[in-house]
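Order of the sequence lines sets the chain letters (A, B, ...), proteins ahead of strands, with each chain counted from 1. Small disclaimer: the values here were computed from a predicted structure and weren't measured.
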Amino acid sequence: MIEVKGLTKFYKQIRAIEDVSFSVEKGDIVGFLGPNGAGKTTTMKIITGFMPPDSGVAKVAGFDVFESPLEVKKRIGYLPENPPVYNDMTVYDYLKFVAEIKGIESKKIDVEIERVSESCGITDVQKRLIAHLSKGFRQRVGIAQAILGNPEIVIFDEPTIGLDPNQVFEVRTLIKELAKEKTIILSTHILPEVEMTCKKVIVIHKGRIVAKENIEDLLRRRTKISEMTVRVKRFSIELMKQIRDKFNIKVSQPPELENGFNFELENQEDRIEDIAKFIVDGGYGLLEFRPITLSLEDVFRELTTEEKTV
Amino acid sequence: MRNIIAIFKKEFKIYFETPVAYVVFGIFSLISGYFFLQIFSYFQRQSLQFLQYQAAHMLEHMNLNDMVMRPLFLNINVFFLLMIPVITMRLIADEKRLKTYELLMTSPVTTWQIVLGKYLASLSVILVMVLIVFIYPMLLSFFGSEGGLSTGSIEWMPLLTSGIGLFLAGASFAALGIFASSLTESQIISAIVSFGLLLLFWVIGWASAGAEGILKEVLRYLSLLEHLDQFTKGLIEVKDIVYYFSVIYFGLFLTQQSISSQRWR
């Protein structure tokens, strides 16, 4: 659906993105992840035809963004970082204007406005001036604008920024709802958002792509070292030492763990059973025995922090 | 065409549903009304003098068209130089500031459609201003004919050509104004640049006074304010029409180029 090859873009001397390539299949919902200033917005602006790259190709539904921009623009709904709304217009007038420039048939415009207003929860504010709406409602109007005309692809640039927790939840639910029938790219630096809504991630850092795959795969691949945490009724430093020596593994006791400890295994998952058996047989009164999973946040930090970049 | 209409309608609404257009019309009526009052009272004083001295041959020259309406139109033309940048300054600059520019540039519309839709909306404001000017001859013909003086009557045809001329002049100012607006996201800079451009195109004609031969003609021809003169005499000349349409096309073309080229920078 979307194919991007070797995109590079400089602003004056500053490199915004370099050699960015990825593809998005029909029906995918992709999280575009990166710290601020990583080049997320630049990439999106190129895909939506807002500006051209210095080199590289972007294709949407088979159309080159710069050879047939109108064909591409017809197929994309785009919510930029700031909702592109006119303060002096009412919500209805604004949506009508967007519907018109998107080339929606005049007979269908009202039905279409009704539909998007309903799914974005803005039916009640249609008659109000956009200037008088709260940030959350403006954002929803922005989303409504993006999905007007039922485009095949929807691109959201940081859709939940500046919203309160309830609004964030609503917007995410809305995006998930949309994901059932559309191809979606969602840029953000808020990780739970990606974990909640996306199946795939593309991680971009300093203008380069550092990872692109399914979230599960990414987590699994990064989790080479599995860490386990153990809690027992009758804890003693002796137990830790015994385990360390017997199984020749690293153990540690984090301060928040009073009657337990952590240990690390390096690709030795078969030993978990032995360790558990050892603790149970020793009569320490096993309470808890669980793996510490690496969160997307850890992976993200690892991928986008200089020292550890792989 | 549909896209141009959609953009025109949006701009038209913003002009006429916010105070912008009404403030412009209010100030314009005030100042043009003051022009009218001054010019007309001068006309009255002169007529009275000629009557006292029984200067019949002078009185023959005293008609409302030549002595009141023509100077009024020419003065308003200068006033347009100041008013029109205010009308056009927000057209593109404000889209950039509000970030709605991204919506326009990622919608399936061409740059020309955006420019034309916006330009036509600014013309609608100018049209209303030209219509406001016609209130004054209407007043004259209503009250002026009562005196039974031959000087009290108005000839409408030269006024019509003056109106067309004034509208074309305004339209060419607006074309340069929208270009200035496309250069920046600040409305103030946009207004200052268009003042500068318009004044430059006005004073370029002054240089013709010192020039000779073909250069004199060229400089005169380039001046923005020279071309209304013939219209106010009731004459529509090809060279004036060509001039106004060239300026309009030039302004809109530059606007389109400036918008397209910004994407490459």
Side-chain angles (χ1 to χ4, degrees), chain A residues 9-12 41 44-54 60 63 65-66 68-90 93-94 96-106 109 129-131 138 141-142 145-146 148-149 151 155 157, chain B residues 1-24 87 89-118 120-121 125 185 187 256-265:
Chain A
K9 174 84 190 173
F10 282 82
Y11 294 116
K12 301 266 156 65
T41 302
M44 296 193 151
K45 281 182 172 172
I46 291 171
I47 298 173
T48 53
F50 181 73
M51 61 185 185
D54 294 335
V60 173
F63 295 100
V65 173
F66 288 90
S68 25
L70 293 187
E71 290 301 321
V72 170
K73 288 173 183 178
K74 266 183 213 163
R75 288 171 169 77
I76 295 186
Y78 177 43
L79 173 68
E81 235 172 314
N82 303 290
V85 293
Y86 297 97
N87 288 332
D88 294 330
M89 293 173 99
T90 63
D93 282 346
Y94 171 70
K96 189 161 183 195
F97 166 65
V98 177
E100 281 170 351
I101 58 172
K102 281 190 174 184
I104 298 170
E105 266 180 71
S106 19
I109 285 179
L129 272 185
I130 293 176
R138 292 163 67 89
V141 174
Q145 163 275 122
L148 204 57
I155 296 182
D157 197 352
Chain B
M1 198 58 206
R2 254 193 95 214
N3 292 338
I4 298 178
I5 293 171
I7 289 171
F8 169 80
K9 266 172 31 192
K10 186 217 102 192
E11 292 299 330
F12 186 84
K13 265 188 194 155
I14 291 185
Y15 275 128
F16 288 92
E17 285 182 3
T18 63
V20 179
Y22 304 103
V23 172
V24 167
I87 297 169
M89 66 182 184
R90 46 162 292 279
L91 283 175
I92 293 166
D94 211 34
E95 301 270 2
K96 290 188 187 168
R97 193 181 57 84
L98 288 170
K99 312 285 179 199
T100 45
Y101 196 57
E102 284 183 50
L103 170 69
L104 291 182
M105 301 311 284
T106 57
S107 297
V109 289
T110 64
T111 312
W112 267 117
Q113 290 167 340
I114 296 171
V115 173
L116 284 178
K118 284 174 170 288
L120 291 176
V125 178
E185 59 179 74
Q187 295 194 39
Q256 190 268 347
Q257 288 295 308
S258 124
I259 292 177
S260 313
S261 76
Q262 272 155 24
R263 306 166 61 216
W264 294 94
R265 261 180 254 145

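Chain A forms the most heavy-atom pairs under 4.5 Å with one residue out of B/I14, B/T110, B/L104, and that residue is B/L104. Top candidate by heavy-atom pairs under 4.5 Å with chain B, chosen from A/V72, A/D93, A/L79, is A/D93.
Residues A/R138 and A/N87 have side chains that bring a donor and an acceptor to within less than 3.5 angstrom of each other.
For a residue to count as touching a neighbouring chain, one of its non-hydrogen atoms must lie under 4.5 Å from one of that chain's; by this rule B/I114 does not touch chain A. In this structure, chain A has a heavy atom under 4.5 Å from the side chain of B/T18, while its backbone stays farther away. In this structure, chain A has a heavy atom under 4.5 Å from the side chain of B/K13, while its backbone stays farther away. There is no contact between A/K12 and chain B, counting heavy-atom distances below 4.5 Å. In this structure, the portion of B/E17 lying under 4.5 Å from any heavy atom of chain A is its side chain and not its backbone. In this structure, chain B has a heavy atom under 4.5 Å from the backbone of A/V85, while its side chain stays farther away.
For the residue pair B/L91 and B/E95, the shortest heavy atom distance occurs at O-CG, 3.5 Å.
B/K10 and A/E100 are not joined by a salt bridge, as no carboxylate oxygen comes within less than 4.0 angstrom of a charged side-chain nitrogen.
Residues passing the side chain to side chain contact (heavy atoms under 4.5 Å, CB included) test with B/L116 are B/I4, B/W112, B/L252, sequence neighbours excluded. Under the side chain to side chain donor-acceptor pair (under 3.5 Å) criterion, B/E11 pairs with B/R90, B/K118, sequence neighbours left out.
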Walk me through whether A/Q145 and A/Y78 qualify under side-chain contact (heavy atoms from CB on, under 4.5 Å). CA-CA 8 Å; A/Q145 163 275 122; A/Y78 177 43; 5.7 Å; no

